[in-house]
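Step one of this worksheet: look at the structure below.
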Amino acid sequence: MSNNNLIKGSLQTIILKLLEENEKMYGYEITQRVKELTAGEIKITEGALYPALHKLEAEGLLTTEIQQVDNRVRKYYSLTKDGQKEVTSKLSELQGFVENLQRILNPEIKPGFNI
Amino acid sequence: MRKLSEQELDQVKKAIAAKELISAEILMEIYDHYVSHLESFEDSEFETEMLELEMKFTHNYCKELQEKHFDSTHKGMRTLQWKIFKSQFSWPRFIVTATTFSLISILWTTIDGRTRTVVILVPLGIILLLIAWISIKSTVKIRSLKKTLGVSNYIQSDYLKIILGQWSFILSTLTLSVLAPKNLGFTDPFTNPYYTFITFFLAILYLGYFLTLLKAWKLKSKTSLI
């Protein structure tokens, strides 16, 4: 089963979290980092990644930097001050959602259970 | 990680050129994605990986990516300019804004209708000079990108496209303000109170636009193709 639909809603949080841990990253690097962290279980498609990056940039959560790398130009993304603040709220939002989902899937788990 | 050969790079460039994209930002990002991906495979796997990339980055998909990028850039630019505009009303900048506003108000009541028309052309001329400067800077950056990608067709920065669109809007406001009084049946528009109000509004609009564009460009020129 493709997990693309499941990832879609949390893609922005994934990007923000990765950029919080790494000072700056470029598009291809993000796809590879996600693949590496999830042992290939999660593959971010380019069709979803780039529009998400551009949207976050437009919202002022990411800033970009253009650098010359081996005879080509590379666009690096990094968090803005607003983006840094947003990471915490997005992460707790996602964590809350996962906890609630866990309760639905496994009703025996009592409220207050932390993943 | 290896370096691609000249032949392989040419193949990548040809594949990207075939997508007929005009957004410099998208071309730059797709090219880097292709090369970064292909560099992580052995040369024996080049053809297979190239085919895989071509299946992902189809013509339609790239066009859609280009459209989405333009929309995001448009929204981003608008948000940035609005943020800059609002910052002019924050303390202590508000003192400068209020003083400028008062000075223009005084000036507007002391000069006649024909002079007002000439005066509003001054900020308009400055905006035109700024846009011409941004266009030159962007052209230089894009020329270097075109050289890297080996493309000969017309490509443009989405930011510049947006700025040129805003310029068209600014020009149409002037045209309307000059033509509208005549269309509304005012025989001598220069002495009409409507004309005083509309030219005052345009003077403020042009000045405000010039400031937001200048500051937005100063911020974006460091990180984008303008």
Side-chain angles (χ1 to χ4, degrees), chain A residues 2 4 7-8 11-12 15-16 18-19 22-36 40 42-83 85-86, chain B residues 1 3-4 6 9 12-13 23-40 53 55-58 60-62 64-80 82-83 141-142 144-149 157-158 219-226:
Chain A
S2 163
N4 281 353
I7 298 162
K8 236 177 226 176
L11 184 57
Q12 289 198 351
I15 294 170
L16 292 172
L18 285 176
L19 288 170
N22 303 272
E23 198 189 331
K24 58 179 183 182
M25 292 178 97
Y26 55 97
Y28 183 73
E29 192 182 9
I30 294 174
T31 60
Q32 293 310 295
R33 187 80 185 118
V34 171
K35 212 166 135 184
E36 188 188 310
I42 294 180
K43 283 178 191 165
I44 296 182
T45 63
E46 293 76 9
L49 175 74
Y50 288 109
L53 283 169
H54 301 152
K55 193 168 179 275
L56 288 168
E57 187 191 352
E59 285 170 1
L61 300 177
L62 300 185
T63 184
T64 55
E65 189 186 325
I66 290 169
Q67 266 184 26
Q68 191 77 26
V69 178
D70 297 333
N71 285 331
R72 65 181 187 272
V73 196
R74 177 170 285 166
K75 192 174 176 182
Y76 280 100
Y77 295 87
S78 54
L79 290 178
T80 60
K81 279 183 184 169
D82 286 344
K85 287 178 204 160
E86 191 72 9
Chain B
M1 189 75 87
K3 292 263 174 287
L4 298 187
E6 281 304 314
L9 281 173
V12 173
K13 287 172 189 173
S23 165
E25 285 87 357
I26 291 295
L27 275 166
M28 176 178 81
E29 217 156 21
I30 292 179
Y31 180 69
D32 184 47
H33 190 101
Y34 266 61
V35 178
S36 301
H37 179 79
L38 295 165
E39 276 181 347
S40 56
L53 283 170
M55 281 165 76
K56 281 184 196 169
F57 290 88
T58 60
N60 285 346
Y61 162 70
C62 289
E64 199 185 320
L65 200 62
Q66 184 172 259
E67 278 169 31
K68 282 184 182 171
H69 182 263
F70 181 76
D71 291 342
S72 296
T73 310
H74 198 196
K75 191 187 162 199
M77 191 71 176
R78 211 170 44 215
T79 312
L80 179 64
W82 179 238
K83 202 173 159 186
K141 287 183 182 180
I142 282 167
S144 130
L145 180 70
K146 278 178 89 169
K147 206 176 158 188
T148 309
L149 294 175
S157 162
D158 278 340
L219 286 170
K220 287 289 171 189
S221 63
K222 291 172 194 157
T223 59
S224 58
L225 298 167
I226 50 167

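Proteins get letters first, then strands, A, B, ... in listed order; numbering begins at 1 in each.
- Residues A:Tyr28 and B:Ser40 approach most closely at OH-OG, 3.4 Å, considering heavy atoms.
- In terms of modelled atom types and a separation under 3.5 Å, the side chain of B:Lys141 and the main chain of B:Ile226 share a donor-acceptor contact.
- Residues A:Thr64 and B:Thr223 share a closest heavy-atom pair of O-CG2, 2.5 Å.
- Within the 4.5 Å cutoff, the side chain of B:Asp158 has no heavy atoms near those of the B:Leu225 side chain.
- When atom types are taken as modelled, the side chain of A:Tyr77 and the backbone of A:Leu62 share no donor-acceptor pair closer than 3.5 angstrom.
- Note on A:Gln67, A:Glu65, A:Glu46: by heavy-atom pairs under 4.5 Å with chain B, the leading option is A:Glu46.
- Most heavy-atom pairs under 4.5 Å with chain B: of the set A:Gly27, A:Gly60, A:Pro51, this distinction falls to A:Pro51.
- Using a 4.5 Å cut-off between heavy atoms, B:Gln66 makes no contact with chain A at all.
- A pairwise comparison of heavy atoms in A:Ser78 and A:Glu23 identifies CB-O, 3.2 Å as the closest pair.
- Residues of residues 23-33 of chain B that come within less than 4.5 angstrom of chain A, heavy atom to heavy atom, are B:Ile26, B:Met28, B:Glu29, B:Tyr31, B:Asp32, B:His33 in numerical order.
- Looking only at distances, no side-chain donor or acceptor of A:Lys43 sits under 3.5 Å from a matching main-chain atom of A:Thr31.
- Within residues 70-77 of chain B, the residues having any heavy atom under 4.5 Å from a heavy atom of chain A are, by residue number, B:Ser72, B:Lys75, B:Gly76.
- When all heavy atoms are compared, the tightest approach of B:Ser36 to A:Tyr26 is OG-CE1, 3.8 Å.
- Ranking A:Asn71, A:Thr45, A:Ile66 against chain B, the residue ahead of the rest is A:Ile66, based on heavy-atom pairs under 4.5 Å.
- Using a 4.5 Å heavy-atom threshold, the side chains of A:Lys24 and A:Leu19 count as separate.
- Here CG of A:Leu79 is found 8.5 Å from CG of A:Leu61. Values are rounded to the nearest 0.5 Å.
- Neither the backbone nor the side chain of B:Lys147 comes within contact range of chain A, judged by heavy atoms closer than 4.5 Å.
- Ion pair A:Arg74/A:Glu29 not flagged as a salt bridge, since none of the NZ, NE, NH1 or NH2 atoms sits closer than 4.0 Å to an Asp/Glu carboxylate oxygen.
- Taking each heavy atom of A:Leu11 and A:Ala48 in turn, the nearest pair found is CD2-O, 3.4 Å.
- For the set A:Thr63, A:Leu53, A:Asp70, the entry with the most heavy-atom pairs within less than 4.5 Å of chain B is A:Asp70.
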